[in-house]
Amino acid sequence: MANTKKSALSNEKELNFTPMYQDFVIELSPSLLQQIMRSYQLKASDIVGNYAFNVQAFNVRMDAKFFEIENIDLKQLVNVMTSWPKQMNWPQFNHQVNKLLLAWLNDYKLGASLDAALLLVGCLTLRIVETSESHDLLNNETSQSIPSSRFQQLLMHLLARVTNQLDQYKFSHIQNFDLETGLPNLQVMLNFLDQHLQTDHQETLLEPNYLNSKNTALKHLGLILVNLNINFDEASQLNSASSSLMMAAIHVIKQHLNDGTTLFRIGPVELGIVIQHISFPAQLNLIVSKIMHAFEVELPLDNVTLILKPYFGGVSSLKTRQNAIAMHDCARLALHHAMINNYHIEFYDQHITNAFSDAHQLDEAIIQALQQNELEIFLQPIISLPNEICSNAETLLRWKNEKWPSISPVRLVDTIYKKGFGKVFIRWLISNACQRIAELKSVNERNISLTINLSGTDLLDADLPDLLAQSVALWEIPAENLIVEITESDLLLDEEKAMQVIDKIVALGCKLALDDFGTGYSSMTRLRSMPIDLVKIDQSFVKNIATSNEDKAIVLSVVKLAHSLGKAVVAEGVEDLACLNILKKMECEKIQGYYYAKPMHFAEFTTWLDLFEKQQVSLIN
């Protein structure tokens, strides 16, 4: 039996970065292929032959207007189909199927339509004959033929399956890698640090005489953050391809990194370098010094020379071993201190800890704002298509404070939960949302549903369903007008317990929305099995669909998947008409974004709602 087939999807070779598809492989083992075949009542002996490619049917399909409109290029898929052997044994068939899937995915990368591919595989026919259990096709034929459609349905299943796998891979790649440079991103770096901090700590504890040892040469991690000090506005004036400046800088840094170091892109002009096996802090100084000297040489950029003077902030786990976030925060404090004082190099030490006092003061102010009811709920309209009616809105947290005028909702929520005020906050949030729904219904005579965001911690609270039920009853609103929004990551703490809470929430009549739903197979399983009403597509995929074919393909695949499972779709981050029109063609049900309205205070929302409805009426008339 042949081993699992792994075919590299891309033959692209890039000198400076990793292609998106380089690590994607097709894995269709013989055993898995047989398992899928059994669902179509096919067995290994059935696929011996006789195969035929229906040229007449192919020409009819290719002449159809559908193919002209879609401007579809299926060269590689067609080449494999037209050269399909008339007869094959089982290993040959397994190889041929993987070859077909690889050809299709290469076409799909170039923009080919899955619908077109599914139509074309119908041109490949197989006359299968029932056999006895001996599987001897030549000596045990019976008179009853199995319809060729089963074989074609099998191929359609395999094409759809591998397309879904590639779309999931693209989701994952976008979330974990910087598309411009191919480098892993901040979240990957934090996970990498956490993993190695835990491993190194366990190995250190196993060292002989660890408790009595004064040996400082044990394994430690080093983290260096680099701000390249690039002004992209100025860079673009010097060089039309300003991104080449970033690539040139990365190339310089890579040349001066040894084994055991990993480079990450963690911001528009920021990089992270993780160094394993640091024995003493001075090693970080040596690495930074080498890189700094390398940047003293001019960077050639299309007949323009430029010298970068980056800033460096570093820390080793000799200074802090708490966790990845703490280590990253210390390195960032050092980097920030270097940039403010124009030092270019700074390593975390005790004298920088004063910077933490500001953060502590902010934490205390946020908790005080919660306790004194200074936090506010803003509403952002969600528009239902095609009639453009505002039937939903999302609740978004805001805090108006003169000392800290631009604190993000994420920072607010993180602080509240970190300080142990999560239950107080969620009670306040639910009560406010239900009150707004009631006011819209009674005062404004509007039947508007509001969405509230719950965290993973909330979903582990067995009292949450009762809290929702009490608020719904107190404000006398329909439970279905309260939409609970979660993300897949919210389920990872304890999925079984979280699902028990979710089932009770749905039993109350509340609707469930899945935001930022993930990229793995588990996400597809959850989407199919959970009682989800709405699937929300994150704005990072939506806002550029008018200019990015990849983002457009990803959004379309999510919309189709959600619709196939009976779920409605909300597209976030819609900021212009071009984006809206594309989503209309995709038959996306709901739209959220600045094209219609920004988040606004409740009083502003009711005023906007009146004006919006009048505007829609005038357009109809």
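What you see is a predicted model; the values in this text were computed from it and never measured.
A side-chain donor-acceptor contact under 3.5 Å links E589 to the backbone of V569. Remark: side-chain polar atoms of S449 are not paired, donor with acceptor, to backbone N or O of N392 under 3.5 angstrom. With hydrogens and angles disregarded, a donor-acceptor distance shorter than 3.5 Å links the side chain of R265 to the backbone of P268. N79 contributes a side-chain N or O that, together with a main-chain N or O of K75, makes up a donor-acceptor pair within less than 3.5 Å. In this structure a side-chain-to-backbone donor-acceptor pair under 3.5 Å is present from D107 to L77. Remark: the backbone N or O of I545 is not paired with any side-chain donor or acceptor of S548 at under 3.5 angstrom. Panel note: side chain D46, backbone K43; a donor-acceptor pair is recorded below 3.5 Å. Of the possible polar contacts, one joining the D194 side chain to the A324 backbone as a donor-acceptor pair under 3.5 Å is found. No donor-acceptor pair closer than 3.5 Å links the side chain of R150 to the backbone N or O of Q152. Judged by distance alone, the side chain of N98 and the main-chain N or O of N94 form a donor-acceptor pair under 3.5 Å.
A distance of 12.5 Å separates CG of L450 from CD1 of I430, quoted to the nearest 0.5 Å. Taken from CG in N481 to SG in C510, the straight-line distance is 9.5 Å, to the nearest 0.5 Å. Rounding to the nearest 0.5 Å places CH2 of W84 at 9.5 Å from CG of L126. Considering OG of S29 and CD of Q35, their distance stands at 8.5 Å, rounded to 0.5 Å. Atom CG of L74 is separated from atom CG of L119 by 10.0 Å, given to the nearest 0.5 angstrom. One distance of note links CG of N54 with SG of C123; it measures 6.0 Å at 0.5 Å rounding.
Counting heavy atoms from C-beta outward, V559 and E587 have side chains that stay 4.5 Å or more apart. Put simply, the side chain of L183 reaches to within 4.5 Å of the side chain of K254, judged on heavy atoms. The side-chain heavy atoms of Q87 and Q92, taken from C-beta on, include no pair separated by under 4.5 Å. Side-chain contact between H95 and M88: absent, with no pair of heavy atoms (C-beta onward) separated by less than 4.5 Å. Side-chain contact between I591 and L583: present, with at least one pair of heavy atoms (C-beta onward) separated by less than 4.5 Å. Side-chain contact between W104 and T163: present, with at least one pair of heavy atoms (C-beta onward) separated by less than 4.5 Å. A 4.5 Å side-chain heavy-atom check between V558 and F171 finds at least one atom pair inside the cut-off. At a threshold of 4.5 Å between non-hydrogen side-chain atoms, the residues L159 and V121 count as touching.
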> Should T181 and M247 be marked as a side-chain contact (heavy atoms from CB on, under 4.5 Å) after you check the CA-CA gap, both sets of side-chain angles, and the distance that decides it?
Replying inline: CA-CA 7 Å; T181 64; M247 297 306 305; 3.6 Å; yes
>> Pair L33, F93 - check side-chain contact (heavy atoms from CB on, under 4.5 Å), show working.
In response: CA-CA 10 Å; L33 179 56; F93 177 76; 3.9 Å; yes
> Stepwise, does the side-chain contact (heavy atoms from CB on, under 4.5 Å) test hold for L464 with L468?
Replying inline: CA-CA 6 Å; L464 180 62; L468 286 165; 4.3 Å; yes
> How far apart are the C-alpha atoms of L379 and L396, what are their side-chain angles, what is the distance that settles it, and do they pass the side-chain contact (heavy atoms from CB on, under 4.5 Å) test?
Replying inline: CA-CA 6 Å; L379 302 181; L396 299 168; over 6 Å; no
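The only option from I486, T487, V570, T451 that meets the side chain to side chain contact (heavy atoms under 4.5 Å, CB included) definition with D515 turns out to be T487.
A pairwise comparison of heavy atoms in V535 and A562 identifies CG2-CB, 4.2 Å as the closest pair. The two atoms that bring N453 and L429 nearest to each other are O-CD2, 3.9 Å, heavy atoms only. Listed here is the closest heavy atom pair of Y51 and V48: CE1-O, 3.8 Å. Nearest heavy-atom pair across D503 and P531 is OD1-CG, 4.4 Å. Nearest heavy-atom pair, D115 versus K560, reported as atom, atom and distance to 0.1 Å: OD2-NZ, 3.5 Å. Closest non-hydrogen pair, C579 versus A546, comes out as N-CB, 4.4 Å.
Within a 6.0 Å sphere centred on NZ of K567, other residues, nucleotides and ligands contribute more than 12 heavy atoms.
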Considering only distance and modelled atom types, tabulate donor-acceptor pairs under 3.5 Å from the side chains of residues 380-388, sequence neighbours left out.
from	atom 1	to	atom 2	distance (Å)
Q380	OE1	Q592	NE2	3.0
Q380	NE2	A597	O	3.2
S384	OG	S391	OG	2.7
S384	OG	K590	NZ	2.9
E388	OE2	Y596	OH	2.3

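The salt bridge (Lys or Arg N to Asp or Glu O under 4.0 Å) check on E572 picks up K536, with sequence neighbours excluded. In this view, D463 and K423 satisfy the salt bridge (Lys or Arg N to Asp or Glu O under 4.0 Å) rule, not counting sequence neighbours.
In this structure, a donor-acceptor pair under 3.5 Å is present between the side chains of Q187 and N191. When only modelled atom types and interatomic distance are considered, Y108 and D167 share a side-chain donor-acceptor pair under 3.5 Å. When only modelled atom types and interatomic distance are considered, N185 and N176 share no side-chain donor-acceptor pair under 3.5 Å. A side-chain donor from one of D458 and Y417 sits under 3.5 Å from a side-chain acceptor of the other.
Y40 and F151 have their aromatic ring centers separated by at least 6.0 angstrom.
Note on D533 versus K511: no salt bridge recorded, every NZ/NE/NH1/NH2 to OD/OE distance being 4.0 Å or above.
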